Amino acid sequence: MTHESPAPVRGLAEGRPEAFAELYDRHAAAMFAVARAICGRRADAEDAMQQTFVELYQSRQALARAHSLRAYVCRAVRNTALRARARPAPQSLEFEPSSAPPAEFDSELQQALQALPQEQREALVLKTQAELSFEELGELLGISPNTAASRYRYALEKLRHTWKP
Amino acid sequence: MNESPLEPELLELEAQLLGQRAQATAPQLRARVLLAVERAQRAERRVWLSSVAAMLLALLLLRGSAHDKSAPHSAAERADFAALGLSPAESKHWSLIAQRAELPMWAPLVDQSGAVR
């Protein structure tokens, strides 16, 4: 059973647009950070967001039964982003400067994140952006909570040398 | 679980990262995503309406078939066909009955005594 209050969850199960708007407002920023950490390019991350929300709507009964909505939607967008990344893309995955600032980390931090190994970047973004616990993080990534904590720590240590706020 | 405390420098960095946490996405992305959800909802409704329409059509066709004048209805008619050794399912199919009785489809098959005319 989800930790969310019953009314929004019922709205999601019934497929009400306002419930999905609320879901977006609560979790989209974290989801987008996850998508961006995996896809690299903003446009690809936006496509992943759109695809994820359509799929969440189509499987809304499972969504409404999720133990933690935030962990569930972050897992969903991660899976979509990984699928998108696996497809051959005509464009390179190089860092693309942000043109719409309010959505994410500043561009220097974004560059520093892109320089991290994929698994450390995911751990860092999921922990700091999606605010997942190490248990949730481990479950989402298919690793133990200890490994999740280690990846997070390594990511912080590397980032300390490459990003100066 | 290994959540050993981070060193002060890492804790400070973590705090700065948390401070950088995005609170919202670009409004254009929000509009685009929610529009896609609405489209998915409309597409789902169209599929649902199509399946309901197909089901209603099938019911109408079945009802029309049941009202087919060539299909037997009355108890007497059912008894007549039973006398011919035809199951109820078979008796509903006038063409099969006619074929087995070697009678034209429009011909009355049996009289009330069960004798083949």
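Predicted, not measured: the structure shown is a model, and the values here were computed from it. In what follows, every chain begins at residue 1, and chains take the letters A, B, ... in the order their sequences are listed.
Leu109(A) and Leu17(B) get closest at one heavy-atom pair: CD2-CD2, 3.7 Å. Closest non-hydrogen pair, Thr128(A) versus Leu18(B), comes out as O-CD2, 3.5 Å.
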>> Apply side chain to side chain contact (heavy atoms under 4.5 Å, CB included) to residues Asp25(A) and Arg30(B) and explain how you reach the verdict.
In response: CA-CA 8 Å; Asp25(A) 291 338; Arg30(B) 184 182 191 276; 2.6 Å; yes
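Hydrophobic clustering, with ILVMFWY side chains joined whenever heavy atoms are under 4.5 angstrom apart, keeps Leu116(A) apart from Tyr154(A). There is no path of hydrophobic side-chain contacts, each under 4.5 Å, that joins Val54(A) to Val77(A). Hydrophobic clustering (side-chain heavy atoms under 4.5 Å, transitive across Ile, Leu, Val, Met, Phe, Trp, Tyr) groups Leu13(B) together with Leu11(B).
Residue contact with chain B, scored on non-hydrogen atoms closer than 4.5 Å, involves the backbone and the side chain of Leu159(A) alike. Heavy-atom distances place both the backbone and the side chain of Leu10(B) under 4.5 Å from chain A.
Applying the ring pair (Phe, Tyr, Trp, His ring centres under 6.0 Å) definition to pairs two or more places apart or across chains, those involving residues 40-60 of chain A are Phe20(A)-Tyr57(A), Tyr24(A)-Phe53(A). Applying the ring pair (Phe, Tyr, Trp, His ring centres under 6.0 Å) test to residues at least two apart or on different chains, none of the pairs has a partner in residues 20-40 of chain B.
Atom-to-atom distance recorded for Arg160(A):CZ and Glu9(B):CD is 5.0 Å, nearest 0.5 angstrom. Note that CZ of Arg42(A) and CG of Leu29(B) are 8.5 Å apart. Values are rounded to the nearest 0.5 Å.
By the salt bridge (Lys or Arg N to Asp or Glu O under 4.0 Å) test, Glu14(B) is found to be paired with no residue, residues two or more places apart in sequence or in another chain being considered.
Between chain B and the residues Met31(A), Glu157(A), Glu131(A), the most heavy-atom pairs under 4.5 angstrom are made by Glu131(A). Among Glu12(B), Glu38(B), Arg32(B), the residue with the largest count of heavy-atom pairs under 4.5 Å with chain A is Arg32(B).
Residues of residues 39-58 of chain B lying under 4.5 angstrom from chain A, judged on non-hydrogen atoms, are Ala40(B), Gln41(B), Glu44(B) in numerical order.
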